Chemist: 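The structure that follows is given in the form of structure tokens.
No experiment lies behind these values; they were computed from the predicted model shown. Note: hydrogens, waters and symmetry copies are ignored here, and every other heavy atom, side chains too, is used. Each chain gets a letter, A, B and so on, in the order its sequence line appears, and its residues count up from 1.
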Amino acid sequence: MSLLELKNVTLKFGGLTAVNDVSFAVEEGEVFALVGPNGAGKSTIFNMISRFYTPYSGDILFEGKSILNKAPHEIAGLGIARTFQNIELFEQASVLQNMLVGRYTHRRSNFLTELLFTPFVRREEHRHREAVEKAIDFLDLQPYREKLIAGLPYGVRKVVEMGRALAIQPKLLLLDEPASGLSVEETQDVAFWIEDIKKVMGITVLMVEHDMHLVSSVCDRVLALADGKKLALGTPREVQTDPRVVEAYLGSDEEEAA
Amino acid sequence: MRIVFKTTYEADIRLFKHGAQAFWYALLLIVAVAAPFLLGDFLTGEATNVLIWAICGMGLMLLVGQSGQASLGHAAFMAIGAYSCVLLESAGVPFILALPLGGIITGIAGGLFALPVTRLHGIYLAIATLAVSVMMEDVIVLAEPLTGGVNGLIAPDIEIFGVNFNRYGNASGLYWLILAIAILIVLAYRNIQRSPLGRAFAAVRDSEISAQAMGINVARTKATAFAISTFMTGIGGALMGHFAGVFNQETFNLVISINLILMIVIGGLGTIHGAFLGAVVIGFLPQAIAFARDGLGSIFHFGSIAIPGLETGIFGTILILFILFEPLGIYGRWVKIRTYFELFPFARRDMFRRQKSYLKTERIR
Ligand SMILES: Nc1ncnc2c1ncn2[C@@H]1O[C@H](COP(=O)(O)OP(=O)(O)OP(=O)(O)O)[C@@H](O)[C@H]1O
Ligand SMILES: [Mg+2]
């Protein structure tokens with residue numbers, strides 16, 4: 001059984017078919033990438049997995065069970081964490097607080113015990129903080145712990161968002177363009193982190209990325225999309241040399257298809 | 001500037017960040033407890049009034065500052081608190097139970113109200129809550145058999161275990177009682193801030209979409225914020241009813257709702273300090289205005305005529321000035337002054353300027 005499976009998923013925005021009959025499966029323990037030109041439907045696929053959008057047809061299975069009957073806020077609890085292409089952090093809260101929100105799915109106290117801050121809530125709080133501090137250490141975020149997001153540079157925000165997703169301790173991590181807008185050094189860090197997330201933490205990663213260099217260095221398998229349709233699936237090398245993929249990129253100019 | 005070396009998780013959890021902070025709050029507590037000995041009965045009464053405003057204000061602060069939802073109708077919930085508490089008392093429930101029960105009834109009402117309306121955002125939510133405040137006045141008048149209509153209700157003297165807390169007979173006692181309640185509410189507020197629910201409030205306030213991705217049920221969290229907020233405000237309303245002695249729908253009219261909003265904005269959004277500082281302003285400004293008017297009147301010989309709308313006009317002007325020049329309120333200004341002196345002479349002008357927020361799209365909504 002695959003960890004995540006999309007079966008003939010189609011999604012339309014009015015007349016536009018953003019995702020057209022796409023099927024693929026992500027196996028446990030791998031790093032899987034979605035690539036394709038702008039507007040190919042990559043983020044839309046993420047948003048369907050997060051249940052922000054409901055497919056027009058087809059099914060999405062996580063650990064063998066359909067998630068289409070779940071509400072968006074039930075997805076994290078299944079063990080699916082994500083980041084956003086346009087960084088969606090909690091601006092008026094500190095880095096630490098943002099990451100602690102990632103622990104929400106592990107909350108076992110309720111509002112009454114929290115109002116009283118019972119010893120149980122305190123013990124839980126220690127547990128949450130321990131987990132978050134691990135993520136902070138892992139991502140070298142100590143200098144920013146207490147800083148408000150609103151004042152942080154772009155690169156740090158990207159990392160914080162990844163940390164917040166890791167705080168969920170998910171089985172599947174969805175990263176939407178983790179390296180976009182980052183410097184070469186920062187991109188290298190991201191590559192190391194993704195390796196560790198896979199090997200040390202044992203988390204399966206599904207990512208969208210334009211930087212083909214990063215994709216070929218960390219990904220096991222790649223799915224290329226264009227105009228919502230599946231073009232090619234295979235190892236990074238296979239996909240990059242696939243004539244249909246080359247054509248899709250050349251046809252739509254730009255992109256670092258190098 | 002004080003650097004706190006954190007070596008345990010407790011360092012982030014505990015109520016006071018460091019010993020000096022605990023010291024200042026202990027001093028503040030001593031001053032607050034000793035106040036009636038220094039102030040005399042009249043001013044003690046005024047201070048009691050400020051504390052009641054602060055309690056109501058903390059309720060609204062939690063909603064607006066923490067969970068990011070506007071309410072222009074919180075006076076309606078003060079009314080629910082006051083009426084349910086006094087009605088329970090006239091049914092024979094002792095005050096010590098009637099007060100929390102009144103709060104709980106208000107909280108339930110607030111939570112139920114929130115479930116349908118928290119889908120609304122910003123100005124639309126504000127309008128819905130405004131409507132509640134307007135409607136509540138009519139409801140109170142119409143429900144005369146229960147509420148006494150325009151004649152209102154008479155709140156009995158507060159009595160706990162045989163001790164009478166009459167406003168005039170035992171001004172200090174009433175002050176201490178309400179101070180204790182205010183402290184309990186502050187503690188509850190702090191507890192929420194440092195636990196998962198408080199962070200969920202912030203999450204819902206700052207990005208509903210990623211709050212959902214973190215597993216937060218947005219509608220439920222907003223309703224919880226409403227329930228806890230209206231619980232606190234309901235307690236405050238019940239105390240205000242007792243403090244006034246007699247109250248009717250006018251005691252909790254729209255102006256009170258607006259004053260509450262003014263209070264938390266002027267005091268400083270999102271902080272407990274803000275609720276108290278705002279309460280001081282709201283509590284003493286009418287006196288200050290009357291004082292200034294009489295003073296000017298005697299200088300310019302126009303006597304002490306009442307100028308209709310003067311108070312509201314001045315409140316409004318102050319609010320606009322704060323929004324324009326000090327959106328962080330009095331508390332925000334204080335933090336800046338304190339930091340300036342802590343860093344002296346190294347403070348920079350642009351230190352509090354926020355970096356430009358990065359472009360965000362709303363595409364996914
Ligand atoms: N909410 C929406 N309403 C209407 N159209 C949308 C919406 N979201 C996405 N689209 C359209 O669907 C198509 C796929 O968009 P999507 O964001 O999935 O692309 P992408 O592959 O992530 O591209 P990029 O590399 O630019 O992020 C685009 O044509 C886009 O304009
Ligand atoms: Mg995208």
Chemist: In terms of heavy-atom proximity below 4.5 Å to chain B, should A/E74 be classed as side chain, backbone, both, or neither?
Modeler: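 Contact with chain B: none, neither part.
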Chemist: Identify the heavy atoms of A/F52 and B/I209 that sit nearest to each other, and give their distance.
Modeler: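 Answer, listing the atom of A/F52 first, then B/I209: CZ-O, 3.4 Å.
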Chemist: Could you check if a side-chain atom of B/P196 sits within less than 4.5 angstrom of a side-chain atom of A/E114, using non-hydrogen atoms only?
Modeler: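 Contact flag for B/P196/A/E114 side chains = yes.
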Chemist: Measure the spacing between CD of A/E91 and CZ of B/R205 and express it to the nearest 0.5 Å.
Modeler: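 Interatomic distance, A/E91 CD to B/R205 CZ, rounded to 0.5 Å: 10.5 Å.
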Chemist: For chain A, which of B/L197, B/I192, B/I228 has the most heavy-atom pairs under 4.5 Å?
Modeler: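 Maximum pair count with chain A is reached by B/L197.
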Chemist: With a 4.5 angstrom heavy-atom cut-off, could you sort out which part of A/V121 is near chain B: side chain, backbone, both or neither?
Modeler: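 A/V121 touches chain B through side-chain heavy atoms alone.
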Chemist: Rounded at 0.5 Å granularity, tell me how far OG in B/S195 sits from CZ in A/R107.
Modeler: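 B/S195 atom OG to A/R107 atom CZ measures 7.5 Å (nearest 0.5 Å).
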Chemist: Which pair of heavy atoms, one from A/A93 and one from B/D206, lies closest together, and at what distance?
Modeler: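 Smallest interatomic distance, heavy atoms only, reads N-OD2, 3.9 Å.
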Chemist: Using only non-hydrogen atoms and a strict under-4.5 angstrom cutoff, which residues of residues 210-217 of chain B touch chain A?
Modeler: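 Residues of residues 210-217 of chain B touching chain A at under 4.5 Å: B/S210, B/A211, B/Q212, B/A213, B/M214, B/G215, B/I216, B/N217.
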Chemist: Answer with side chain, backbone, both or neither: which region of A/E133 has an atom nearer than 4.5 Å to a non-hydrogen atom of chain B?
Modeler: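 For A/E133, side-chain heavy atoms alone lie under 4.5 Å from chain B.
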Chemist: Looking at A/E124, A/H128, A/R103, A/H126, which one has more heavy-atom pairs under 4.5 Å with chain B than the rest?
Modeler: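 Among A/E124, A/H128, A/R103, A/H126, the one with the most close pairs to chain B is A/H126.
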Chemist: For A/L116, is it the side chain, the backbone, both or neither that has a heavy atom under 4.5 Å from a heavy atom of chain B?
Modeler: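 Looking at A/L116, just its backbone touches chain B.
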Chemist: Is chain B contacted by the side chain of A/R108, its backbone, both, or neither, given a heavy-atom distance below 4.5 Å?
Modeler: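 Contact with chain B involves no heavy atom of A/R108 at all.
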Chemist: What residues of residues 182-191 of chain B sit under 4.5 Å from chain A when only non-hydrogen atoms are counted?
Modeler: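 Residues of residues 182-191 of chain B touching chain A at under 4.5 Å: B/A188, B/N191.
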Chemist: Mind checking whether A/E125 and B/R194 have side chains closer than 4.5 Å, heavy atoms only?
Modeler: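 Contact flag for A/E125/B/R194 side chains = no.
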